[in-house]
Protein chains: 2
Amino acid sequence: MSTTASTKQGRETRERIVRAAAALMGQNGASATTLDDVRAATGVSKSQLYHYFGDKRGLVEAVVEHQCATVLGLQTHALAAVSSWEDLERWADLMVAIVEEQGARGGCPIGTLAAALSDVDEELRTSLSEAFRAWSDAIRGALTRLRDTGQISVDADLDALTTRMLSAIQGGLLLAKTSRDANQLRVALDGAIAQLQASARVRH
Amino acid sequence: MSTTASTKQGRETRERIVRAAAALMGQNGASATTLDDVRAATGVSKSQLYHYFGDKRGLVEAVVEHQCATVLGLQTHALAAVSSWEDLERWADLMVAIVEEQGARGGCPIGTLAAALSDVDEELRTSLSEAFRAWSDAIRGALTRLRDTGQISVDADLDALTTRMLSAIQGGLLLAKTSRDANQLRVALDGAIAQLQASARVRH
DNA sequence: CGACGGCTGGACTGTCAAGTCCAATCAGCG
DNA sequence: CGCTGATTGGACTTGACAGTCCAGCCGTCG
């Protein structure tokens, strides 16, 4: 079938392919990277690609899953450690630093895939949408902690604040990547955090 | 050369091609739409594509220019009419309504192109970055008007607020398109506007 | 050991897409 | 009208890419 990998060796090969494919697709886009590109980057043979992924769409699907898992792993881990404003700012600084050190290229792997695939493949769109939802949950978890420790007002709309935060991340990353200026992300995130801090006080 | 179109008829043909290509590339992505797709959608012959655009990259370039001009035309026009909070909310409502009526598909033409092309073609990246800058200028113009009429504090950081607004637009559109839910854009824009209104009062 | 099944190599095919070329129109102008 | 250059039609070439096929390899387990 498409996703065979029972041996340890098999799983490693599969993993190696997915990683390389993810990098190539992140750079050039999913539809612009060819199976031969992946082959060249990994030294793997044609039949291996079809052995592990069935067809190109299967590979793209594996890349989507891999990128979602990677980003969510990092994000849920980092956000789980947030319980103060300083923590939240450190988390923001971390994202800006990552973007900076790649020369403001690439942007968010999930965001890039979402922009390219949402209108093309309904199933992949659903996976990516689900990933955004999971990311939102992680953010909302951090905000809930801030609220429960009295740092955000109890009648703040956490769902809305969460969506705004994720919008700021995605929008900021897109602007940063397009202008090659990580500062755009910096400003967007600062704004979202400032808005959270504004809701530390009860409104109206 | 690549961009020949001296006759009126020629300009119309060129325009028709660009429009169709923009629609196709918006739907399927630039690299996934073939010249034959464009040909089929327009009833134009192969040589016409090469006559007017030189090669495929030339067509993509024309599409980028067209989409930037279209979006900026709408945005600068709409934003130039903004001189009160109600106007700003109407502007936001308009964007949400547009997204809604397309079933939350497609997102921002500029944003989609930027996500796909920024890491691929430096010249196109520059054009798209420039478009974002022009869009920012239009937003900043509206905010400046609000400040000059006393609706925003004089010591508000308009540049930062502008970047946050554009981030909210782009992030909100991406989330909306991925989840097929225009409400995500709604929430993101409401947040950005709320933050502006918060800076109506002098801070700290 | 022997055989089974996952794994790998790589040649091969069919299709499709970019780009070329040349001849045929067509529009405007002296 | 007759000329010039823009415009158009469409066949053709070339290369690349997705996908197929089969033979050989290698680890594992009875």
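Numbers restart at 1 for each chain; the letters A, B, ... are given by sequence-line order, proteins then strands. Computed from a predicted structure; not experimentally measured.
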Original post:
Contact class for T34(A) (heavy atom, under 4.0 Å): base, sugar-phosphate, or nothing?
Top reply: sugar-phosphate

Subject >> Side-chain donor/acceptor contact of T7(A) with base of dG27(D) under 3.5 Å >> reply: no

Subject >> Between dG19(D) (P) and R57(A) (CZ): distance, integer Å >> reply: 12 Å

Original post:
Side-chain N or O of Y52(B) less than 4.0 angstrom from OP1 or OP2 on dT8(D)?
Top reply: yes

Subject >> Interatomic spacing from CZ in R57(B) to CG in D55(B) - rounded to 0.5 Å >> reply: 7.5 Å

Original post:
Can you name the side chain to side chain contact (heavy atoms under 4.5 Å, CB included) partners of T144(A), sequence neighbours left out?
Top reply: R140(A), R147(A), D148(A), L158(A)

Subject >> Minimal non-hydrogen separation, G106(A) against D119(B), with atom names >> reply: N-OD2, 3.0 Å

Original post:
Closest nucleotide of DNA chain D for G10(B) versus for Q9(A): which of these residues is on the 5' side?
Top reply: G10(B)

Original post:
dC22(C) C1' sits how many Å from H51(B) NE2, rounded?
Top reply: 15 Å

**OP:** Verify the contact: side-chain N or O of Y50(B) to OP1 or OP2 of dT8(D), cut-off strictly under 4.0 Å; return yes or no.
**Re:** no

**OP:** Provide, to the nearest angstrom, the distance between the CG atom belonging to L35(A) and the P atom belonging to dA18(D).
**Re:** 4 Å

**OP:** Could you tell me whether R19(A) and E15(A) make a salt bridge, using a distance below 4.0 angstrom between a side-chain N and a carboxylate O?
**Re:** yes

Subject >> Euclidean distance, atom CG of residue D36(A) to atom P of dA18(D) [Å, nearest integer] >> reply: 7 Å

Original post:
Looking at dG19(C), does its base get a donor-acceptor pair with the side chain of K46(B) below 3.5 Å?
Top reply: yes

Original post:
OP1 or OP2 of dT8(C) less than 4.0 angstrom from a side-chain nitrogen or oxygen of T13(A), does that happen here?
Top reply: yes

